[in-house]
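To start, the structure under review is shown below, and the notes come after it.
Every chain is numbered from 1, with letters handed out A, B, ... down the list of sequences. Note that these values count all heavy atoms, side chains included, but never hydrogens, waters or copies made by symmetry.
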Protein chains: 2
Amino acid sequence: MNASAASLIARFTKWEALDFDAGRCPVRDVLDRVGEKWATLVLIALGVRSRRFNELKRAIPDVSKRMLTQTLRTLERDGLVTRHVFPTKPPSVEYRLSPLGTSLLQPLAELIGWAERNHEAIQQTRAVFDGAAT
Amino acid sequence: MNASAASLIARFTKWEALDFDAGRCPVRDVLDRVGEKWATLVLIALGVRSRRFNELKRAIPDVSKRMLTQTLRTLERDGLVTRHVFPTKPPSVEYRLSPLGTSLLQPLAELIGWAERNHEAIQQTRAVFDGAAT
DNA sequence: CGGGATCCTGCAAGATACTG
DNA sequence: CAGTATCTTGCAGGATCCCG
């Protein structure tokens, strides 16, 4: 147990005492974003460099245009990504990570680092669990 | 931009060069967990202390029994939580955070800390965005 | 090129009722 | 107390076609 985790636990203990309402917890917004299938990938891809719509789509081959558009709108709405239109012909639109979006990259990186370090252990545990269930 | 974020970006650049498949990315498992509505709350509540089923339910008032059971099963399957049955009458079952689950608490805490520091800015940006859309 | 509009499907998650 | 079983609904996300 480290300092940040201990602090989190202390905060939760207070929320709990106040009969907190998970539905209105503002932290949900952020966790929901992280849970969205494409949001994190878009943030990371834009962390590498600013990109145009179809550049992004090539960087993340499996995303559909629809979901990419929707993901970008959501991220823009939350101020994590900015959209810059250049009135060329045909039009070109560049997406950039905002300072806020860039700052999110750090905690995200730590979470993903944890996932990379531990996903093998998770998959083994899972195999054992599923085997025992049979 | 800090070290862990820079490292993440470097890794992504390599994935991208290898034409990576998001559907098979093992990191998804973890991000999906974080996105699940109750999983993080359960992990934090168990970080405070080990608890029994109905203790957990009281700590997180809005969760239904069904979702709590399902969430606990998933976390147990991934080895983040362990389940201990005491054959008393009536039966009592205690859930504990495993070492793996405890280690997840740290990156999670940083993400939630970020969310707490920035949710106000996000909500303001969102209000402006929605206002402009009208 | 950078989308928008529509239709469709599957799954997360809630409501309710029952049980060892 | 600690669940299971069943039904239902909302929404994420995919497929397809259209547009300036």
| query | With respect to the side chain of N54(A), which nucleotide from dC1(C), dG14(D), dC1(D) is positioned closest? | reply | dC1(C)
| Note, E16(A) side chain near F12(A) side chain (heavy atom, < 4.5 Å) | yes
| remark: Taken to the nearest whole Å, CZ/R73(B) to P/dA2(D) is 12 Å
| query | Quick one: does K37(A) reach the base of dG13(D) with a side-chain donor-acceptor pair under 3.5 Å? | reply | no
| remark: When rounded to whole Å, the CG to P distance for the pair L68(B) and dT4(D) reads 11 Å
| remark: From CZ of R33(B) across to P of dA13(C) the rounded distance in Å is 10 Å
| task | Please tell me which of the listed nucleotides, dG20(C), dG3(D), dG2(C), lies nearest to the side chain of S92(A)? | result | dG2(C)
| request: From the options dC1(C), dA2(D), dG14(C), select the nucleotide whose nearest atom is closest to the side chain of F53(B). | output: dA2(D)
| field | Heavy-atom side-chain contact between F20(B) and L41(A) under 4.5 Å | value | yes
| Side chain of W38(B) (C-beta onward), nearest among dG2(C), dA2(D), dG14(C) | dG14(C)
| field | Side chains of K65(B) and F53(B) in contact at under 4.5 Å (non-hydrogen atoms) | value | yes
| request: Counting heavy atoms from C-beta on, name the nucleotide in dA2(D), dG3(C), dA13(C) closest to the side chain of V93(A). | output: dG3(C)
| query | Mapping D62(A) and Y95(B) onto DNA chain D by nearest heavy atom, which one lands closer to the 5' end? | reply | Y95(B)
| Roughly how many Å is it from CE in M67(B) to C1' in dC11(C), rounded to a whole number? | 11 Å
| field | side-chain N/O R83(B) vs dA2(D) OP1/OP2, d < 4.0 Å | value | no
| Can you tell if the side chain of L104(A) reaches within under 4.5 Å of the side chain of N118(B), non-hydrogen atoms only? | no
| task | Take atom CG of L56(B) and atom C1' of dC1(D), then tell me their distance rounded to the nearest Å. | result | 13 Å
| request: Let me know the distance between CG of L72(A) and C1' of dG3(C), rounded to the nearest Å. | output: 11 Å
| task | Assess whether one donor atom and one acceptor atom, taken from the side chain of R66(A) and the base of dG13(D), lie less than 3.5 Å apart. | result | yes
| said: On DNA chain D, does the nearest nucleotide to K65(A) precede the nearest nucleotide to E36(A) from the 5' side, or the other way round? Give the residue. | reply: E36(A)
| said: Can you see if the side chain of R58(A) gets near the phosphate of dG2(C) - specifically, an N or O under 4.0 Å from OP1 or OP2? | reply: no
| query | Are R58(B) and E55(B) ion-paired here, with the side-chain N under 4.0 Å from a carboxylate O? | reply | no
| task | Rounded off to whole Å, could you give me the CD-to-P distance for the Q70(B) and dA5(D) pair? | result | 13 Å
